[in-house]
Amino acid sequence: MTQFGIDVTVDDIIDSLGFFDNWEERYKYIIDLGKELPVMDASLRTDEYLVRGCQSQVWLVDEWRAGKLFFQADSDAFIVKGLLGVVLAAFNGKTPGEILAFDIDAYFTQLDLLQHLSSTRGNGLKAMVKRIQERATQTN
Amino acid sequence: MTSLAVDVAESRFDVEKIRADFPILHQQVNGQPLVYLDNAATTQKPNAVIDAISDYYRKDNSNVHRGAHALADRATVKFEAAREKVAQFLNAPAAKQIIWTRGTTESINLVAASWGKANLQRGDRILVSAMEHHSNIVPWQLIAQATGAKVESIPVDANGNINMLAFDTMLDAHVKMVAVGHVSNAMGTINPIGKIISLAHAVGARVLIDGAQAVSHWAVDVQQLNCDFYVFSAHKLFGPTGLGVLYGKEDLLNAMPPYQGGGEMIETVSFSGTTFNQLPYKFEAGTPDIAGAIGLGAAIDYLHSIDRTAAAAHEQALLNYAEEKARATAGLKLIGTAAHKTSVMSFLLEGAHPADVGVLLDKQGIAVRTGNHCAQPIMDQYGIPGTVRASFSFYNTFAEVDRLFTAIEKAKTFLV
Ligand SMILES: Cc1ncc(COP(=O)(O)O)c(C=O)c1O
């Protein structure tokens, strides 16, 4: 399984998405990214790890190892799951300092995906980003 | 209407002429001509409405009922004329029975809080259907909590019909309020409210009808229905956001305590005691949404200017056409298959999350709503996370339905 943030980096994603010239290829790529996410154990899909979105749901589990934060994430929607991969490429296996220094809005703007980070979409993605940043603040 | 009558009325309908009245429809979204199929969330506004609001601010803007000058007079006359138009639109006995609110939600909150406070006590029952919008559930839960009454749900079957037999058996003298939607926003079911109202009245219960999803489709007659309260939002009737209507029977409204305090709603104020204004002002504290009311008045005038029978037939024809295509689409499941429906098509694609379908349709210029449609209880009952909802208005075309299905086929290639 692909390790986001390690095998798939922010630069990989910027390169790949920049390469496609139509929305179909971009969204096929995003959906495929979601399929690369390590499978989250069904037993972790609990309320404790649920980041509620009003449309789709996101589960996020974090682990603190050797000064870095590692995340498992899952969603019941394919596109959101792919976008979780896009987010984890930036945040997974990073130090709290790296996480807090990363400008996620600029990254999503560069990818032309900013509308998915807006709270109006209610897809849980924005809430997940916030939760990751909070974890980073707590451990920093 | 019979299908022949639908065909005949539909054939009179010139949709291109109608579309010319709605400027927002003529734009590109994500590089494609917009197909707006989210009419159950909010309807678009004709030029007549946009112009009325803009004219009001350009020429007449002033506070109502209090200025001693020409502008205030003009604003007041237009504002009250709008109330009169709404009264006629609902066939209410008098304009003073039309209360302006911020929307359906506030109208229901007003009745729940004010009527509920005066009339509910421990052990009383409030019945709402299992497919109500959250706006027609939560206000009742709040007043139930405060008074010791309880809220119970009237069962809805797998097709989206209220189980009338079950409703009948739930009714007894403890039922004080029955609050149901005229039309379900999640599925388009047209509920048999005439029957519901007479059954409820037979046990002495009051009835509130949430008309948010009905008013844009046909003329409502509150006297014929004999409902106690009828509520809707202007923005779902081709009017502006921020304005709603509460119709109530006069004796009930008169007996109800004020909802909010402030200016406009009082007769005299002193620290030894305050007396309240007459209907409808008793319930309209503060400066009202004057422009909104004038905009709604213009929307009603607009509806009178078109052939509403033909428009309704066109909507039904769009629904029939879409559902026929849906039944021929592999992996598509319709949610809500009641015999009587407004032009709402809720559906799921097998194996695909509705939110994903929504994103992929948006990429193709098609605006639909996805999610639980603020009707979580019925989605939970069906064991689904929500649906994709395409809702048609009379300005939609058959070609747009075709575009929807082409886009659905494309979405399927991504998701299933
Ligand atoms: C049936 C129904 N009731 C209530 C509402 C709430 O209306 P508003 O948000 O305009 O107050 C809606 C709108 O979504 C609705 O469809």
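Each chain gets a letter, A, B and so on, in the order the sequences are listed, and its residues count up from 1.
For CD of B:E152, the number of neighbouring non-hydrogen atoms (other residues, nucleotides, ligands) closer than 6.0 Å is greater than 12. Atom CZ of B:R102 has 12 or fewer heavy atoms from other residues, nucleotides or ligands within 6.0 Å. Enclosure of atom NZ in A:K68 is not indicated, since only 12 or fewer non-hydrogen atoms of other residues, nucleotides or ligands lie within 6.0 angstrom. Within a 6.0 Å sphere centred on CD1 of B:I24, other residues, nucleotides and ligands contribute 12 heavy atoms or fewer.
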Practice task
Show the numbers, then the answer: is there a side chain to side chain contact (heavy atoms under 4.5 Å, CB included) between B:T413 and A:E24?
Solution key: CA-CA 10 Å; B:T413 66; A:E24 286 97 328; over 6 Å; no
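To the nearest 0.5 angstrom, A:Q115 atom CD is 7.5 Å from B:D362 atom CG. Between B:L360 atom CG and A:W23 atom CH2 the span is 5.5 Å, to the nearest 0.5 Å. Between the NE2 atom in B:H353 and the NZ atom in A:K81 there is a gap of 12.0 Å [rounded to 0.5 Å].
Across every non-hydrogen atom of B:V359 and A:Y27, the tightest pair is CG1-CE2, 3.7 Å.
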